[in-house]
Structures are given as structure tokens and as C-alpha cells.
Number of protein chains: 2
Amino acid sequence: MTSFSAAQRSRVTMLDVALHAGVSKASVSRFIGDDRALLSDAIALRIEHAINELGYRPNQMARGLKRGRTRLIGMLVADIRNPYSIAVMHGVETACRQHGYSLVVCNTDRDDEQERQHLAALRSYNIEGLIVNTLGHHLDQLLELQREMPLVLVDRKVEPLHSDLVGLDNPAAVRMAVEHLEQQGYRDVLLVSEATDGTSSRLERLESFKAEIARRPALTGAVLELDGALQNHLHTFLAKAGPKALFCANGIAALACTQALKALGCHLFEDVGLIALDDLDWYPLVGNGITALAQPTQAIGASAFDCLLKRLRGDTEPTRTLDFLPQLILRGSTTPCRSELAREKRQR
Amino acid sequence: MTSFSAAQRSRVTMLDVALHAGVSKASVSRFIGDDRALLSDAIALRIEHAINELGYRPNQMARGLKRGRTRLIGMLVADIRNPYSIAVMHGVETACRQHGYSLVVCNTDRDDEQERQHLAALRSYNIEGLIVNTLGHHLDQLLELQREMPLVLVDRKVEPLHSDLVGLDNPAAVRMAVEHLEQQGYRDVLLVSEATDGTSSRLERLESFKAEIARRPALTGAVLELDGALQNHLHTFLAKAGPKALFCANGIAALACTQALKALGCHLFEDVGLIALDDLDWYPLVGNGITALAQPTQAIGASAFDCLLKRLRGDTEPTRTLDFLPQLILRGSTTPCRSELAREKRQR
DNA sequence: CTGTTAGCGCATTCAA
DNA sequence: TTGAATGCGCTAACAG
């Protein structure tokens, strides 16, 4: 095992290729870049051979330094362990690779100080564009970055940042959920959400929910934020009469609710219906499965990158907001008919 | 909205700072770097002011070009949607940030061509070290990279690659699982694993399992690979007499098995016990919860980075293999006593 | 302690 | 078509 302290020195460079091929660096540069058309076939061939024999790889750092194009995209994620973030990131990454970009992922763990550090780091790497999926405190840094490069928000708005936004059509999603619950015969709906820490999508879902409930005389609705008392609150909710259901505003809420319901000894999902935003792979495993509104995360990620690319290519259109629609995935947790039957059977 | 085609040009550079502070670039460089001790307080202060006023950020690309140190670590992941990979990545990322490194994540989606592309890209960015959690086909590229930088394998060995390896102590883990099942009174154990595509950890678990069964006269064991016929195979297994249990070799297998058992109408987990490697957040939700062997993913990720850092600092010790022990997390899926009771109650 | 100088690897003028 | 020269932003000798 050798030391790597100065490993870079040993790498084959453009000069090596030029010497090996008996041409100038400029020609090699042209071969590497988009000016290959300017080269005679003979020279191009010699260069190609030299490159292959030496295993030459152009140094992106140097290219970036010269041209100002690093082919690097940064992504700031609030919580890398949230399946939604991962799914979107997967979409972004795929799009990046397809267009010759690489992705620098920065997870903030919902921590402002980490967000600050990462933003500083990203700037220092001359990334060409930034995808933001955090609360976006440190507005000053973000604004500074935005002056230097295109920026696109994912899922959550950051108010003073006037930039493209890609995410879910929250009002539509909430309408789909509430409407589905109503159709299935539920009359009392409890929206369970993570704490409203300023995340715009959470707020939108909450507001839309209130509006949706107000529009539907047949329904009663309430809102609950996740906290230590979740189980108690659910206990109270379960004690109510009539067909009732939970609407979990994201995967985290769905996990917490399912856990709490289980702890309460609730028979899933006969005592209470459940519909959740986001579709996680374990939803089918609980009770008769959890009905979900799946977000098109792949498309969201790809679109985010696409926005960046458009801006990088000089698009100066006004900022856009891309709202995607979720897909209703029907499972057992919202079929009270069958559930009621089952309950009666048990009670007999 | 302005165009960003040549945005980089506008960034404030070291020269700007030097002029603004009335000093030389070298002094600014010393201030930025680790040579701040060489500067007089007066000059240091002037530089500091200039930096703050101008909002100067050193350009890592340029620094990297000069020093051969990019402060960039690459990570090659086989499947970014596997919770294990995410968890390890989270550990790596945390360690990176703590030491001033940034992480370039490359997901191969288990695809060899993508692995090739990513390896090429990583090389071109002059990353300082590489963490590999893939099958490692494209040995030529990997070997080439290994000549230029330290490399550490995570979870899976890549045979001809003589490098540090961080992962689970698979024999110990399997022993813990089998022993636990035996103690709980199970007699017939079925190991369920993903297809053995060459992943070393899968093979090790499989081999260890066979050895473990051979050592224990009280136990009978068999092995099953995930495929379309899983449900049929489990059906056959369930038909056997006596207390039996599944041992899922990872989270993917656990998900597939739980799904199949559910589809078979099996009463979880009274008809059959279940223990799973990896601890996913939904394990508590199924039946009385799924007993798990949790991997210390955070530690694994941190150690991987640590190996890299040691090598980068000149450590030339022989390659090490760091094996971590899992932690047994007891849940309802391996408590046949209670289960048997419940089953009898139901049958009455 | 501080400034001057000379590149790191590459792209891009400008001549030839 | 090709090559020589210049500089991207920064660090690392070397002098002073």
C-alpha cells in the first residue's frame, strides 16, 4: 500500500497525451471539447490512440476553472432519511447522469448550522445549479448563491426566494384525499401532520384541508400535529361515534399514527380509516394495506433538474411553479363497508 | 431573472481581496489556509475585513488544482433506495462534513453501465477517496482509481481489490439469529435471501447459515432465494409440522416475505416466526413487531470515512477489515410461546 | 513576517 | 487546420 499524499501528481495530463501523440496541447483540447470538427482525421486518430493508451481523463477541476462550467449540481436536503427526499434525489441523480452532470448531496438533518456549512461548501465548489429542499433559513447565503447560479426549490417554498418551484399540487391532493374519504362513507376526518415549522407544503396541506372540510357539509374535520401526546389525542378521536378516518399528511405522520393506533389496541383499520400522502413500501403490510396518494417523485426530481438545465442554457422566462398530481392507490384502510362487516362479525 | 451562462466571471476572487486589503495574494492565501500563524495581527485583521465586506469564498476548484486536494469524497452506491445504503450514506456524510469534506454520491441502480459512467466521472473530479458499495464490476477502472486514491469497501468485498473493508460480522450475526431462534423454540429455519449475484455479504450469510445449522443437531435449515415463486415456496414451508421460522437476510427479503406471508393468509407471526437482518422503521407495525438484528449503520459509515482519512494522512498499514456486530432487537415475531397460546385460543 | 514568481491542467485567443 | 501564448484562481517555493 502506497501513500496518497501526492497521488494526484502521477495522473496523466493533457500534456502527456500531446507529447505521446506528437501534437500540441491545443489539439488535444479541441479533441476533448466540442471542436473536434476542426481537426484533421489523421491527428484526431493519433490523439485518440494516445488517450486510450495512456488512459487519459480530462481533469474537470481544471476545465471548470477555465470555462466556469464544473458540471456539478448541488442538492440541499432537509432529511435524507425521509423516503420522499430519497425518491426525489433518485430522480435528480438520474437526470444529472443523463446530461453529464454529477450531484453533490448535502443533508442538513433539519439543522440550521449544517445548512449554513453546506451552503458555504457548495458555493466553494462552483456548482452550476442548486436544488433546495430545506427550510431555507440563511436567506442571505441563498440569495447570494442565487445571484451566481440558477436555483430550484423542491416541495417547499422559501418565500423571499423568487425561483422555480417543483412539487405537489397540495390543494388537489388534499381534495382527492378528502373526497375519497367522503365517498367511502367517512364523516369525521382528522388530519395528522408534522409540526408546522414553516414548511410551506405542510401549511398548504393544512389550509387546503380546512377549506375542503368547510366546503363539505357532510364532513367534520380537525387537525392534529405530531407530538408526544399523539396517542392520547388519537384515543379521544377514536372514542367518537360514527365512521371516522385519519388523513396523514406525509409518510412520517403515517408511521407515527400507525404505531400509535397499534399501541392503542385499535383494530386496523376497522375502528378508523386511514389515507396517507406518500406511498411507502410497507403500506401494503399493515392491516389490509394503507391507501395512499403516491407522489410522482421521479418526475419531480427530473423536473427540478430540467428547470436548472433550462436556466443554465439561458432561459430567462419568469419563474415557474410545477405542480404534480398524486395518484390514488386504493388499499384496505379506506373501505369501511368491508370493515364494518368485519367488525360486526367480530362483535357477534 | 438574469442569464447564468457566464455567471462565474463575476465572483470575487483572491486578487480582489488582496487589492481591497492592500496586501499580496500570498497573504490572503495564508490567511485562508493553515498558515495564518505567519501573519501579523494587523494584516490578518485587514484581510478578514476585506473578506467579509466582499463576501469572498475561496474557490475549491482552484485550490484543488494547485494542491491536489479537492476535499471531495466519492461514494458509489448500488441501490440508493435500500434503507441500509441510505443509513450508511448518512453516516459517511456526517463524518465528511465534520472533517470539511463534501460527498459526491453516485447511485448505480445495480446497473453496470451506470457504474462505469460514474467511476469515470468521479475520477475526473479528482476526488480524494472513494467509498464503494457496489458489485464492483469494471475492475479495471476500480484498480486504476485505487492507484490514485484510497478506497474503502462497504458491506461487500470485491475480491481482487486489496483494500479496507467495513461491514457486518456476518458469521456472528447469523449465529446470533440462529441461536435466538433455537432458544425461542423454533426447530425448522428457512433463510430467505436476495439472489446471490456475487454480493459477498449475501454469500457469507448463506454460508454461515449452513454452517450454523450443521452445528446444531436440534435444528433443520434450508435456504431460499427471492424470486417470483416465493409465495409458493413459503406455502410449502408453512405446511411443515413443528415450530418454524424465517430468517430474512436483509430488509428487502423481510419486505418480500412479509408480503408473501400476508398474501398466503398466514397469521403473523403465529404460524411462523421471523427474524430479519437490518432494522427498518416499519418492523414494529407488522403483527406483534418483527424481531431484528440492527446494523450500526451510522458507525459503519463513519468508519468507512475514517479509513479513508487515515490513508489520506499517509497511513500505510496493511489493509484492515472492520466487522461490526449487530444488535438484537426483540419483538413479537420470535415469541412462539405467546403465539402458540394465541393460536390455540383462536382454534377453540 | 511579507511579496514575487511560477505553475497546477486546461480552453482560448491569435498567428501562422 | 494547427501551435504558441495567455490566464482561470489559487498555493508554494523563494527572496527580501
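Quick note on labels: first sequence line is chain A, next is B, and so on, each numbered from 1. Here the structure is a predicted model, which means the values were calculated and not measured.
Look at CZ on Arg123(B): it is 14 Å from C1' on dG9(C), rounded to the nearest Å. In this structure, the CD atom of Gln60(B) is 16 Å from the C1' atom of dC8(D), given to the nearest Å. Atoms CD1 (Ile32(B)) and C1' (dA12(D)) sit 16 Å apart, rounded to a whole Å. Following rounding to the nearest Å, Asn126(B) (CG) and dC8(C) (P) show an atom-to-atom distance of 14 Å. When rounded to the nearest whole Å, the span between CG of Leu65(B) and P of dG7(C) equals 14 Å. Between Leu15(B) atom CG and dC10(D) atom P there is a gap of 9 Å when expressed in whole angstrom units. Rounding to whole angstrom units, CZ of residue Arg67(A) and C1' of dG9(D) are separated by 17 Å. At whole-Å resolution of the value, CZ in Arg36(A) and P in dA11(C) are 12 Å apart.
Checked against side chain to side chain contact (heavy atoms under 4.5 Å, CB included), Ser24(A) has the following partners two or more places apart in sequence or in another chain: Ala26(A), Ser27(A). Annotation: side-chain hydrogen bond (donor to acceptor under 3.5 Å, both in side chains) contacts of Asp197(A) (sequence neighbours excluded): Thr199(A), Arg202(A). Take His90(B) and apply the side-chain hydrogen bond (donor to acceptor under 3.5 Å, both in side chains) test, not counting sequence neighbours, and it matches Asn107(A), Asp109(A), Gln298(B). Every side chain to side chain contact (heavy atoms under 4.5 Å, CB included) that Glu113(A) has, sequence neighbours left out, goes to Asp111(A), Arg116(A), Gln117(A). Remark: Phe324(A) pairs with no residue by the ring pair (Phe, Tyr, Trp, His ring centres under 6.0 Å) rule, at least two apart or across chains. In terms of the side-chain hydrogen bond (donor to acceptor under 3.5 Å, both in side chains) criterion, residue partners of Asp155(B) (sequence neighbours excluded) are, by chain and number, Ser201(B). Every residue meeting the side-chain hydrogen bond (donor to acceptor under 3.5 Å, both in side chains) condition with Asp79(B), not counting sequence neighbours, appears here in chain and number order: Arg110(B).
Axis angle, first five pairs versus last five pairs of the helix from dC1(C)-dG16(D) to dA16(C)-dT1(D): 40°, rounded to 10°.
Salt bridge annotation for Glu144(A)-Arg123(A): present, with a cationic side-chain nitrogen under 4.0 angstrom from a carboxylate oxygen.
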Considering only distance and modelled atom types, tabulate donor-acceptor pairs under 3.5 Å from the side chains of residues 71-78 of chain A, sequence neighbours left out.
none

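Taking side-chain N and O atoms only, Arg63(B) has a distance below 4.0 Å to OP1 or OP2 of dT11(D).
Using a 4.0 Å cutoff on non-hydrogen atoms, the parts of residues 18-30 of chain B near DNA chain D are Lys25(B), Ala26(B), Ser29(B), Arg30(B), ordered by number. At a non-hydrogen distance threshold of 4.0 Å, Leu38(A), Leu39(A), Ser40(A), Ile43(A) from residues 38-57 of chain A come into contact with DNA chain D.
For residues 34-49 of chain A, the set of pairs meeting the side-chain hydrogen bond (donor to acceptor under 3.5 Å, both in side chains) definition, not counting sequence neighbours, is empty.
Residues Leu143(B) and Gln146(B) have side chains in contact (heavy-atom distance under 4.5 Å, counting atoms from C-beta outward).
One cannot find a donor-acceptor pair under 3.5 Å joining the base of dG9(C) and the side-chain atoms of Lys66(A).
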